Amino acid sequence: AESITVQELAEKLKKTAAEVIKKLMQMGIMASINQEVDYDTATIIAGEFGVETELKVAVDKEAILMAEPEDNEANLIIRPPVVTIMGHVDHGKTSLLDAIRETNVTAGEAGGITQHIGAYQVEHNGKKITFVDTPGHAAFTAMRARGAEITDIAILVVAADDGVMPQTIEAINHAKAAEVPIIVAINKVDKPEANPDKVKQELTQHELVVEDWGGDVIAVPVSAKQRTGLDNLLEMILLVAEVNELKADPERMARGTVIEAELDKGRGPVATVLVQNGTLRIGDTIVAGHVLGRVRAMIDDKGRRVKKAGPSTPVEILGLSDVPEAGDTLVAVEDEKLAREVAAKRQIRKREEELKVTNKISLDDLFKYI
Ligand code: GTP
Ligand code: MG
């Protein structure tokens, strides 16, 4: 499945594209410079040039590390939905996230309110819901650009006094592209100038027809300020989650996505990870992007130390060798050598890419003085 263009292959082998094309022709393959050849062919070509190629090995190792293991049907459990909040500036995304969190934290967890790890879980009627607390757009654009899909359900916040605005439309498009179900939270209904019907009417122009208008889009009137409609919203989230049958295998080794990461002065590299499948445990060897690590400690969204984190659980982890990037996939692996090799390869690649940028700049700078 892996392939490389003739041009890239030539560069890797330090040959001209013409030389590579000639070799391909000798093998009976007619190829142009931009054509893709598979790695088996590329390896043979490399061998023809007497180049002992690391190409295949490197790529395959990465593929082995990233290969999604099969869920064991017998182990499958229902996992909590992962919810992202999106919407136009000032329509109340942060207020809504805060209101949901603060009204659903039980007394014993009260101290956890101040804890911020980029995602949190609440319980409603005995069922958990995971909210990703980073700005919805960042979560969608940065992570989607990197191929990371973390959201099961998108909450589209539309202020009832303002209606559908440019970023509302942008959010709708993002959710649609990702094929993520949308629940509309019509916010600020406490305001005298609130006009929920106008919001519904405007939504139809973007192919979101709400239920009371004969469509299938759930819309819930809420006020983040007065904290009304929140239970109803959570109810609807659980309903949509149930329809979508979100399952995971907690017996697997963990796989997740880095939601945010930073270098903490005292604790070193710290990453908030959303475990999407499997269970992450203390002591696990992990790779997140170019970063190798071993889970030294885990802290949940309530600030408690935990020993393991199952599917849909957000958790802060310590024990990384460097700071990964938001959107990086995290995998826990048994094979430490493999983890080390892949992380090292990615580090080199990352450095090469950074160098390319610096070189380009210095070259530009150079021309300035000529
Ligand atoms: P950005 O992060 O800047 O895009 O904004 P946001 O969508 O997170 O909105 P935020 O929660 O910061 O709210 C914006 C303003 O609307 C604040 O002044 C809130 O107090 C106000 N607000 C949010 N929800 C409500 C509500 O339900 N009713 C009223 N009356 N005001 C609200
Ligand atoms: Mg905000």
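Given the structure is predicted, the values throughout are model-derived calculations rather than measurements. Just so you know, ligand 1 is whichever comes first in the structure, and atom 1 is the first atom listed for that ligand.
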(request) Determine, for Arg101 against Asp98, whether the closest basic-nitrogen to carboxylate-oxygen distance falls under 4.0 angstrom. (result) yes
(request) With sequence neighbours left out, write down each residue that passes side-chain contact (heavy atoms from CB on, under 4.5 Å) with Ala332, or none if nothing qualifies. (result) Met253, Ala254, Leu280, Asp284, Ile286
(message) I'd like to know if Arg305 pairs up with Asp300 as an ion pair, taking the criterion as any Lys NZ or Arg NE/NH1/NH2 lying under 4.0 Å from an Asp or Glu carboxylate oxygen.
(response) no
(request) Could you give me a count of protein N/O/S atoms that are under 2.8 Å from the Mg ion (ligand 2)? (result) 1
(request) Run the salt-bridge test on Glu341 and Lys337 with the 4.0 Å N-O cut-off and return the result as yes or no. (result) yes
(message) Can you pull out every salt bridge (charged side-chain N to carboxylate O under 4.0 Å, His left out) where at least one residue sits in residues 202-215? Sequence neighbours excluded, please.
(response) Lys176-Glu207, Lys198-Glu202, Lys200-Asp212
(request) Using a strict cut-off of less than 4.0 Å between a Lys/Arg side-chain nitrogen and an Asp/Glu carboxylate oxygen, indicate whether Glu73 and Lys247 qualify as a salt bridge. (result) no
(request) Check the pair Arg252 / Glu70 against salt bridge (Lys or Arg N to Asp or Glu O under 4.0 Å), numbers first and verdict last. (result) CA-CA 9 Å; Arg252 274 173 42 171; Glu70 292 257 323; over 6 Å; no
(message) Whether Asp190 and Lys225 form a salt bridge (side-chain N of Lys/Arg under 4.0 Å from carboxylate O of Asp/Glu) is what I want to check.
(response) no
(message) Quick one about Thr279 and Glu251 (side-chain donor to acceptor, distance below 3.5 Å, no hydrogens or angles considered), yes or no?
(response) no
(request) Please list, by chain and number, the protein residues whose heavy atoms come under 4.0 Å of ligand 1. (result) His88, Val89, Asp90, His91, Gly92, Lys93, Thr94, Ser95, Asn187, Lys188, Asp190, Lys191, Ser223, Ala224, Lys225
